[in-house]
**Student:** 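Below are the structure tokens for one structure; questions will follow.
We count residues from 1, following the sequence as given.
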Amino acid sequence: LNTMLHIIDVISSLSVFLFLYAAWTDFRTWKIPNSIVLALIVLYALRAVVVILGSQDVGAALFASSGIGGDVGAGLLMFMLGVMLWAFRLFGAGDAKLFLPIGLFIGWHGMLPFSFLLLVLGVVTLLVLRLPVPLPVAHLAFFMRVEEIRASRKVPYGVVMVFAALLTLALPIIRQQLR
């Protein structure tokens, strides 16, 4: 059992790293490589196998809304939403694809908090993009990139999506710490 939990911790850590890498590449290039999306899906599949192998009740692990079935349902629903947003040119293809692993990892029960956090962080991002960059830091690469994003009017939504997903994943831990 300890080994299973350790494996899940390692997979979770790797997935956080990959999500952050996806956000960083989207920020830098407005692109989210397919390899990152595929790696996240593979990590989720490995996690699902570990959960099934370590489960007392395989049916519940597979079919409960809080189990693998709920995660896959959330991933597919969010992916379909992403494809629709992409079809209406509201989203890039990378953002649409990134919705699949985000849905897998946040699961069915994470969709509502994720949606709320995505809305709040999206509004904050749009407001921040309206603020001028303070002159003392305007020469730094990060803020120069923010200026390019502002000028292009192309928001790297993957960044906002990843932070909303990571906050959603952190909510149970935060709740536990507040008890």
Side-chain angles (χ1 to χ4, degrees), residues 11-12 14-48 63-133 141-172:
I11 290 170
S12 298
L14 286 172
S15 64
V16 166
F17 171 76
L18 283 176
F19 275 123
L20 289 171
Y21 185 71
W24 177 244
T25 58
D26 196 29
F27 175 75
R28 280 186 29 251
T29 65
W30 286 297
K31 295 213 178 324
I32 299 168
N34 289 339
S35 56
I36 296 174
V37 174
L38 288 172
L40 283 162
I41 293 167
V42 167
L43 279 175
Y44 178 81
L46 288 173
R47 183 181 171 280
F63 301 112
S65 63
S66 60
I68 295 162
D71 296 348
V72 171
L76 293 175
L77 187 66
M78 288 179 62
F79 178 67
M80 289 188 321
L81 175 68
V83 169
M84 287 182 351
L85 291 167
W86 170 78
F88 287 111
R89 306 239 182 269
L90 298 169
F91 241 38
D95 302 318
K97 289 179 278 191
L98 189 60
F99 257 161
L100 177 59
I102 285 174
L104 290 173
F105 278 96
I106 66 168
W108 195 258
H109 296 291
M111 287 178 62
L112 185 62
F114 172 77
S115 302
F116 176 76
L117 289 165
L118 188 63
L119 175 67
V120 170
L121 293 175
V123 168
V124 167
T125 300
L126 293 175
L127 292 175
V128 166
L129 285 173
R130 292 188 178 276
L131 295 173
V133 172
F142 175 85
F143 292 104
M144 290 169 70
R145 180 65 183 144
V146 169
E147 275 302 316
E148 285 174 32
I149 290 166
R150 180 185 298 138
S152 74
R153 298 182 155 281
K154 282 172 55 184
V155 178
Y157 291 114
V159 176
V160 181
M161 292 162 50
V162 163
F163 281 97
L166 294 179
L167 280 170
T168 301
L169 293 171
L171 282 176

**Student:** Could you tell me which non-hydrogen atom of I36 sits nearest to which non-hydrogen atom of L18, and how far apart they are?
**Tutor:**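 It is CG2-O, 3.6 Å.
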**Student:** Could you measure the distance from the CG atom of L171 to the CG atom of L166? Nearest 0.5 Å is fine.
**Tutor:**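 Reported to 0.5 Å precision, the distance equals 11.0 Å.
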**Student:** I need the minimum non-hydrogen distance between F114 and M78, along with the two atoms involved.
**Tutor:**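 Scanning both residues completely, I find the closest heavy atoms to be CE2-CE, 3.3 Å.
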**Student:** Counting heavy atoms not belonging to W86, are there more than 12 under 6.0 Å from its CH2?
**Tutor:**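 Atom CH2 in W86 is not crowded, with 12 or fewer foreign heavy atoms closer than 6.0 Å.
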**Student:** Which distance, rounded to the nearest 0.5 Å, do you find between the OG of S15 and the CG of L20?
**Tutor:**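 Interatomic distance, S15 OG to L20 CG, rounded to 0.5 Å: 9.5 Å.
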**Student:** What are the two closest non-hydrogen atoms of D71 and Y44, and how far apart are they?
**Tutor:**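 D71 and Y44 have their closest heavy atoms at OD2-OH, 2.5 Å.
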**Student:** How far does OH of Y21 sit from CG of L40, to the nearest 0.5 angstrom?
**Tutor:**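 Going from the OH atom of Y21 to the CG atom of L40 covers 12.5 Å.
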**Student:** Show me the donor-acceptor pairs within less than 3.5 Å that the side chains of residues 141-150 make with the rest of the protein, sequence neighbours left out.
**Tutor:**
unit_1, atom_1, unit_2, atom_2, d
R145, NE, F27, O, 2.6
R145, NE, R28, O, 3.3
R145, NH1, E148, OE1, 2.7
R145, NH2, F27, O, 3.0
R145, NH2, R28, O, 3.3
E147, OE1, R150, NH1, 3.4
E147, OE2, R150, NH1, 2.3
R150, NE, L129, O, 2.4
R150, NH2, L129, O, 3.3
R150, NH2, L131, O, 2.1

**Student:** By side chain to side chain contact (heavy atoms under 4.5 Å, CB included), which residues pair with K31, not counting sequence neighbours?
**Tutor:**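 By the side chain to side chain contact (heavy atoms under 4.5 Å, CB included) rule, K31 matches T29.
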**Student:** Determine all donor-acceptor pairs shorter than 3.5 Å in which one atom belongs to a side chain in residues 89-113; sequence neighbours excluded.
**Tutor:**
unit_1, atom_1, unit_2, atom_2, d
D95, OD1, G158, N, 3.1
D95, OD2, G92, N, 3.2
K97, NZ, N34, OD1, 2.4
H109, NE2, S65, OG, 2.9

**Student:** Can you see which heavy atom on T168 is nearest to which on A164, and at what distance?
**Tutor:**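 In this case the closest contact between T168 and A164 is OG1-O, 2.7 Å.
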**Student:** To the nearest 0.5 angstrom, please state how far the OG1 atom of T125 sits from the OH atom of Y157.
**Tutor:**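 With rounding to 0.5 Å, OG1 (T125) is 9.5 Å from OH (Y157).
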**Student:** Go through the steps for L77 and L81 under the test side chain to side chain contact (heavy atoms under 4.5 Å, CB included), then give the verdict.
**Tutor:** CA-CA 6 Å; L77 187 66; L81 175 68; over 6 Å; no
